[in-house]
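Presented below is the structure to which this report refers.
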Amino acid sequence: MELFTNQVLAGIATGAIYACMALAVVMIYQAIDHLNFAQGEMAMFSTFVAWQLMQWGLPYWVAFVLTLIFSFIGGIVIERLLFKPLAKAPVLTHVAGFIALFAIINSVAGLLWDFTIKQFPSPFGSSPFLGSQLISTHQAGMIFVTLILLVLLFAFFRYTRVGLAMRAAASMPESARLVGINTGWMIALGWGMAAAIGSIAGMLIAPVVFLEPNMMGGVLIYGFAAAVVGGLSSPLGAVVGGFLVGIFENLVGTYIPGVGNELKLPIALALIITVLVVKPNGLFGRAIVKRV
Amino acid sequence: MPSHLPRTAALPAAAILMAVTCSGTLAQKSYDTGASDTEIKIGNIMPYSGPASAYGIAGIIEAAYFRMINDRGGINGRKINFISYDDGYSPAKAVEQARRLVESDEVLAVFGPLGTPSNAAIQKYLNLNKVPQLFVAAGATRFGDHREFPWTMAFQPPYQSEGRIYAKYLLAEKPDARIAVLHQNDDLGKEVLKGLREGLGDKASMIVAAESYEVTEPTIDSHVLNLKASGADTFLSVTTPKSAVQSIRKVAELGWKPLYIQGYASASVGSVMEPAGIENSQGIVSAYYAKDGSDPQWKADDGMKRFYAFLADYAPTARASDISVVYGYGAAQTMAQVLMQAGDTLTRANVMKQAASLKDFVPDTMVPGVRLNTSATDFYPIEQLQMMRFKGHAWEMFGPVIDGHLE
């Protein structure tokens, strides 16, 4: 029983990583109606920027804010330079663009900061949380920040003009344009916000998985799984999905002999497929009706 | 000039120099493709790009080492032409580059290609064409199989030997150990575990739990929890750096205090112990054959002084703490030794024969007591490891050098 509780707690801690990343995935999905395969690498790059700023002697929170600004602008720049010209291109062209971006960012980060593992500080410290050895104060802080982000995102999309305009621009660009929304800039804004959220995710994840150019590889796949489980259009779903994937993965790994150990990653992928087949919109997603 | 050469290399160099000057015309020169009176062409394949590009620095160091050799007059008067290509850690690309080296560049031998997948992919081709595949930078046991692949030779200890060495250590020091093993789900993890099982022999039941993980898993926390729950008091972590750092930290966070053995693939001070936290790493046990370039205890060591001087002159941007840098130097020095031994008979068969005739050769970067020995039936040059314990900021050697010879 103790092992069970421990695995669930560890699953929640790992789930917080996935939840964080899933939020960024949902954000970009809301803005452009696609998944961005380079999302993880963008987050990794931002985290390296934060690390570099701290190496230069800036305090954590200054570096944090500067990184947010850098990532926000960086996201917009990427959209303006790379994806705006491709706006009318088919989905496959976008996918190719994402993959190219993935490889470019990964290699450039390797070139600038090399591939050795770096320690990334946590603002919350890493002592045991409430006496539990399984969740550290950092992981508790991470869950807390994820929840705050969730509330902010929820409010943004539900109650602000820009948020509503952004949703409109993504799901019905034609109609959005007709009511006077500058859809082009909405998409750019979406990229900026997704990059900024990604950078928060990166800075929260790095103290746990350690900073190196490939740190996001596995995380992004689990983030996708979490977002799909929860529903790609729902920030709440993404967060719940993250925790579910974390716990599910640990329990399967522990209690289904043989399968779990060797097949932990396929479990995440199997989860994606199962959800897509059984409940295509995820646990919390809304059904999308398209007029034909 | 000989004073600049490594001491171990200077003797044969002088001997050959004498042989050449004294006997003059008596020496028979014979060459295969890739060698001539003025040049020896050596091919190499490295992951300069892609997921394993961190190791690519080994190729840069090897190129720098041969540049140093050339600046000092070459080997037996011949310059080394070191041709190194990128395979991006992709086996298909490695095959393409191996063909290019053999068929277009016409190298005498392929030296030091990196990675198990790439080497496995080119092994058949090179053996079929009888081109030496020397000092493979990968630890899988298949690269020292002299019967099946007479043109392929390993360099570092095969993973299986490492497992045997830990078994010997545990049987001697902690015969009642209950061992938990965390291992990467690939040749590294599986072969160390196999070696450990073989080494323990009929006491293999000492292994109470073994968990494998995939490199792609973001964290390995869940596995460590299961291993702790097994009640083990000894923890062997056969991991690559990222997971090694995570498991050291997790074990410390859990307040678990096993005898912690870290596989040498991730025993680097700079890239594992420091990120994991120096205080968390205290008391960890490992075993290695080469000196750690960032370890202050080697500051006054003759071999390492030559290594540091080489870095300052030929690779000033390389970090001495990077194990791949130390590795590249030691491997290149061994290759140079083989070419020196081959003298004027620069045929592929003789290069292979000389590689299989290393006698107590000690590159500058080896831990004291580790010697390179090969024979017609032993294609694993390094099979000894020195046990060491992490104390303060460095590894402290203890006990004798342990042999993990494979039959």
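From a predicted model like this one, the values you see are computed outputs, not experimental measurements. Protein chains get the first letters and strands the later ones, always in sequence-line order, with residue 1 at the start of each.
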*Give a yes-or-no answer on whether the side chains of A/Q7 and B/S222 include a donor-acceptor pair shorter than 3.5 Å.*
yes
Would you say [atom1] of [X] has more than 12 non-hydrogen atoms from neighbouring residues, nucleotides or ligands within 6.0 angstrom?
X: A/K118; atom1: NZ; value: yes
X: A/F144; atom1: CZ; value: no
X: A/F4; atom1: CZ; value: no
X: B/Y55; atom1: OH; value: no

Counting only non-hydrogen atoms closer than 4.5 Å, does [X] touch chain B with its backbone (N, CA, C, O), its side chain (CB onward), both, or neither?
X: A/Y18; answer: side chain
X: A/I117; answer: both
X: A/S107; answer: neither

Please report the interatomic distance [atom1]([X]) to [atom2]([Y]), rounded to the nearest 0.5 Å.
X: B/R249; Y: A/S136; atom1: CZ; atom2: OG; answer: 8.5 Å
X: B/K228; Y: A/L3; atom1: NZ; atom2: CG; answer: 10.5 Å
X: B/E217; Y: A/E249; atom1: CD; atom2: CD; answer: 6.0 Å
X: A/T254; Y: B/H223; atom1: OG1; atom2: NE2; answer: 8.5 Å
X: B/Q246; Y: A/F210; atom1: CD; atom2: CZ; answer: 6.5 Å

*So which heavy atom on B/P218 is nearest to which on A/G218, and how close?*
CG-C, 4.0 Å
*Might you point out which heavy atoms bring B/E274 and A/Q119 nearest each other, and give the distance in Å?*
O-OE1, 3.5 Å
*Non-hydrogen atoms of chain A under 4.5 Å away: do they reach the side chain of B/N226, the backbone, both or neither?*
both
*asked:* Looking only at heavy atoms and a cut-off of under 4.5 Å, which of B/L225, B/I220, B/I57 has the most pairs with chain A?
replied: B/L225
*Answer whether the closest heavy-atom distance between the side chains of A/Q139 and B/D221 falls below 4.5 Å.*
yes
